[in-house]
Amino acid sequence: MDETKSEIQEILKGAIRAAISAGELPISEVPDIPFSPTKTPEHGDIATPIALGLAKTAKMAPRAIAETIRKHVNQTEHPSIRELQIAGPGFINVYLSYEWLYDTLRTIVSAKRDYGNCGIGKGKRIQIEFVSANPTGPLNIVSGRAAAVGDTLVNLLNAIGYEAIREYYVNDAGGQVERLGESIDIRYRQSLGEKNLEIPEGGYQGEYIQEFAHHIATEEGDVYLKHNREKRIALFKEKGIEHLLGQQKASLERFRVNFDVWTSEEAIRNSGKPDQIIELFREKNYLYEAENATWFRMTDFGDDKDCVVIRSTGEYTYFVPDAAYHRDKYDRGFDKVIDLFGPDHQGHVPRLKNFVKALGLADDWLEIDIIQQVNLVDADGNRQDMSKRRGQFYTLDLLIDELAEAVGEEFAVDVARYFFLMRSNNAHLDFNLELAVTQAVENPVFYIQYAHARCCSIFQQAKEQQIQMIPIDDTTLELLSEPSEHELIRKLADFPSILLSSAAEREAHRIPHYLYELAGLFHPYYNKHRVLDAANMERTHARLVLTQCVQTVLANGLKLLGISAPESM
RNA sequence: GCGCCUAUAGCUCAAUUGGAUAGAGCAACGGACUUCUAAUCCGUAGGUUGCAGGUUCGACUCCUGCUAGGCGUGCCA
């Protein structure tokens with residue numbers, strides 16, 4: 001399709017050039033030819049608003065310009081153009097020869113699993129960091145959204161020729177995990193019968209902490225009481241991280257998200273890189289001392305406030321290991337890194353970017369994308385706060401469990417992933433668990449999967465009727481002459497550009513919407529026309545090719561989303 | 001106060017770099033299984049794109065102001 005587009009561009013440019021020479025178009029330069037999307041087949045295969053754009057400089061009516069351009073296209077010289085039509089305020093609608101549709105099918109059949117992919121990324125290495133939840137509790141549905149989106153983004157980037165990997169930053173250092181250790185300690189001692197203990201301010205109230213502490217108490221008894229409090233907290237912190245991180249890993253695996261690299265904040269802190277960075281910043285005179293702390297001159301980088309990098313206690317704030325972590329990413333040779341953040345870390349974005357700049361790295365090396373929040377709403381539509389510390393949240397596992405009861409385990413993951421992936425990243429998502437479960441059965445993902453299953457079923461039937469597939473070159477594709485067939489093939493032809501723009505603009509949700517539209521063309525076609533017809537084998541073979549192509553594109557798209565493509569339902 | 005995100009059909013959401021008549025699903029109503037799978041199809045109905053201006057051939061999209069909600073905003077991450 002890209003080749004066809006540039007061919008059309010050249011033809012139109014030639015026509016404009018000829019019109020200028022003939023003195024019929026008073027402009028000095030031949031412009032680039034933009035294309036506008038054709039929403040309906042009535043707008044042709046390709047459409048351009050070029051005449052509208054030239055109206056001002058040429059001081060002519062757009063339709064008159066379009067007419068002039070059309071006049072200078074010698075159609076007999078260009079068999080790829082079936083018809084040029086001028087429509088609306090002055091759009092030039094290009095109807096291509098049907099041959100391009102059949103070429104699309106040939107392309108799909110030969111590319112198969114690779115159809116839609118391209119090499120634009122040239123093998124450049126990209127790291128995407130996402131989820132990166134604190135190891136202080138189970139993953140909630142917010143992390144589920146991030147996991148689904150990040151995972152798909154990596155698939156998309158790999159499909160367009162990058163070498164992308166998934167990375168998870170484990171915040172196993174700092175105040176939060178300290179509170180975790182303290183909270184386990186309290187629950188542990190309570191479990192052993194100690195009274196008058198309370199979870200401290202900022203501690204973790206969730207039941208899972210009680211259960212875990214109780215488990216330690218019953219399994220290992222009071223052996224930890226022989227240590228002093230500080231030592232106990234350190235031990236419990238370590239035990240807690242191991243336990244909760246293990247839980248998170250299991251949840252992610254169940255959700256079909258497999259990270260390539262897990263990086264520990266503790267390890268970064270101990271690597272010496274934070275100290276090197278402080279040293280570097282000091283040399284560059286980015287730091288100063290005030291109020292007993294060490295500050296970074298963020299205002300020199302355009303921020304309105306400076307920020308503390310070394311607390312009065314002597315500890316680094318999270319900025320330092322974070323900057324060190326990004327330095328580490330750079331040292332590992334990534335051409336680009338993408339961080340997916342939640343909106344609660346939005347304030348961190350300009351600062352992290354400034355730190356990266358202070359390290360001397362290029363501005364566009366680090367990209368930070370925000371995935372908007374997921375709000376929990378009750379049956380009346382009222383928002384409920386989620387708080388890991390207070391123990392109020394819905395876990396990803398609970399979501400999948402509930403969905404699994406309605407539709408089974410495999411489809412539960414499909415439904416959940418689709419649910420998160422169909423939204424654009426900056427849509428604030430109101431989540432009602434009850435509704436999600438009752439609507440699971442009506443989830444649009446089944447519409448897509450069912451279309452795929454139907455394709456498979458046709459081939460199953462063909463096999464039973466002993467209808468053999470024949471080579472595509474021996475197939476009379478011209479028999480695919482129904483408008484609905486042309487529309488289907490046009491949609492199939494869109495896939496590569498949808499994939500590309502979806503990856504390039506980090507808009508994973510376009511894939512689910514595209515697949516839904518494709519299924520939405522296939523189902524009516526299936527209902528109206530029969531593929532297998534013993535009385536018309538020539539057409540049967542042509543339609544089998546079309547069916548195969550629909551199946552291929554659906555399967556390729558679903559694979560990008562990490563959603564299964566069932567052969568029967 | 002300042003910064004970011006959001007506001008589209010009763011509900012949940014789409015709409016490619018500014019393009020032609022703003023689209024789906026759910027919910028409502030009426031139809032279609034002796035058929036390659038009815039998790040499907042066909043039809044009806046549903047809109048001042050939060051409000052007010054501006055930019056231009058053209059605005060859901062860009063700019064300004066306003067309203068409402070969410071998030072963030074110097075030693076939590």
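Reminder, nothing fancy here: chain letters follow the sequence lines and each chain counts from 1.
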According to the 5.5 Å centroid and 30° plane-angle thresholds, does Tyr516(A) stack upon the nucleobase of rA24(B)? no
Starting at atom [atom1] of [X], determine the distance to atom [atom2] of [N], rounded to an integer number of angstrom.
X: Leu180(A); N: rA77(B); atom1: CG; atom2: C1'; result: 14 Å
X: Asp369(A); N: rC4(B); atom1: CG; atom2: P; result: 16 Å
X: Asp172(A); N: rA77(B); atom1: CG; atom2: P; result: 13 Å
X: Lys491(A); N: rA24(B); atom1: NZ; atom2: P; result: 11 Å
X: Leu352(A); N: rC4(B); atom1: CG; atom2: C1'; result: 16 Å
X: Asn527(A); N: rG43(B); atom1: CG; atom2: P; result: 12 Å
X: Tyr526(A); N: rC41(B); atom1: OH; atom2: P; result: 12 Å
X: Asp303(A); N: rC4(B); atom1: CG; atom2: C1'; result: 13 Å

Does [N] have its OP1 or OP2 closer than 4.0 Å to a side-chain nitrogen or oxygen of [X]?
X: Arg543(A); N: rC36(B); value: no
X: Tyr447(A); N: rC41(B); value: yes
X: Arg311(A); N: rA77(B); value: yes

Tell me the closest heavy-atom pair linking Tyr525(A) and Glu485(A), and the distance in Å. OH-OE2, 2.6 Å
Side-chain heavy atoms of Leu488(A) within contact of Leu518(A), under 4.5 Å: yes
With heavy-atom distances below 4.5 Å as the criterion, would you say the side chains of Gln373(A) and Val142(A) are in contact? no
What interatomic distance, in whole Å, is found between [atom1] of [M] and the corresponding atom of [N]?
N: rA7(B); M: rG74(B); atom1: C1'; result: 33 Å
N: rA9(B); M: rU44(B); atom1: C1'; result: 15 Å
N: rU73(B); M: rC51(B); atom1: P; result: 32 Å

Classify the side chain of Glu442(A) and the base of rC26(B) as holding, or not holding, a donor-acceptor pair under 3.5 Å. no
Quick one: does Gln346(A) reach the base of rG3(B) with a side-chain donor-acceptor pair under 3.5 Å? yes
Determine yes or no for a side-chain-to-main-chain donor-acceptor pair under 3.5 angstrom, with Asn354(A) supplying the side chain and Lys357(A) the backbone. no
Pairwise N/O distances under 3.5 Å, protein to nucleotides 8-16 of chain B:
residue: rU12(B); atom: O2'; partner: Arg423(A); partner atom: NH2; Å: 2.5
residue: rA14(B); atom: OP1; partner: Ser424(A); partner atom: N; Å: 2.8
residue: rA14(B); atom: OP1; partner: Ser424(A); partner atom: OG; Å: 2.9
residue: rA15(B); atom: OP1; partner: His509(A); partner atom: NE2; Å: 2.9

Mapping Met569(A) and Ile370(A) onto RNA chain B by nearest heavy atom, which one lands closer to the 5' end? Ile370(A)
Between Phe91(A) and Trp295(A), name the one whose nearest nucleotide on RNA chain B is closer to the 5' end. Phe91(A)
Side chain of [X] only, please: which of [options] is the nearest?
X: Ser36(A); options: rC75(B), rA20(B), rU73(B); result: rA20(B)
X: Tyr318(A); options: rC5(B), rA77(B), rU56(B); result: rA77(B)
X: His523(A); options: rC76(B), rC36(B), rC41(B); result: rC41(B)
X: Arg351(A); options: rA77(B), rU40(B), rC36(B); result: rA77(B)

Does Asp533(A) come within less than 4.0 Å of Arg543(A), counting only side-chain N to carboxylate O? no
Is the closest side-chain donor-acceptor distance between [X] and [Y] under 3.5 Å?
X: Thr299(A); Y: Asp306(A); value: yes
X: Tyr325(A); Y: Glu167(A); value: yes
X: Thr294(A); Y: Glu289(A); value: yes

Does [X] reach a base, just sugar-phosphate, or nothing at all? Heavy atoms under 4.0 Å.
X: Asp494(A); value: nothing
X: Pro524(A); value: sugar-phosphate
X: Phe35(A); value: base
X: His529(A); value: base
X: Ala61(A); value: nothing

Roughly how far, to the nearest 0.5 Å, is the OG1 atom of Thr475(A) from the CD atom of Glu538(A)? 9.0 Å
Gln9(A), CD atom: more than 12 neighbouring heavy atoms under 6.0 Å: yes
Cation-aromatic face contact Arg530(A)/Tyr526(A), 6.0 Å, 45 degrees: no
Measure up the Phe355(A) and Phe319(A) rings against each other and bin them: parallel (under 30°), tilted (30 to 60°), perpendicular (over 60°). tilted
Dot-bracket for RNA chain B, please, read 5' to 3', with Watson-Crick or G-U wobble pairs under 3.5 Å on both distances, ( ) within the strand, [ ] crossing, | other strand, . unpaired. (((((((..((((.....[...)))).(((((.......))))).....(((((..]....))))))))))))....
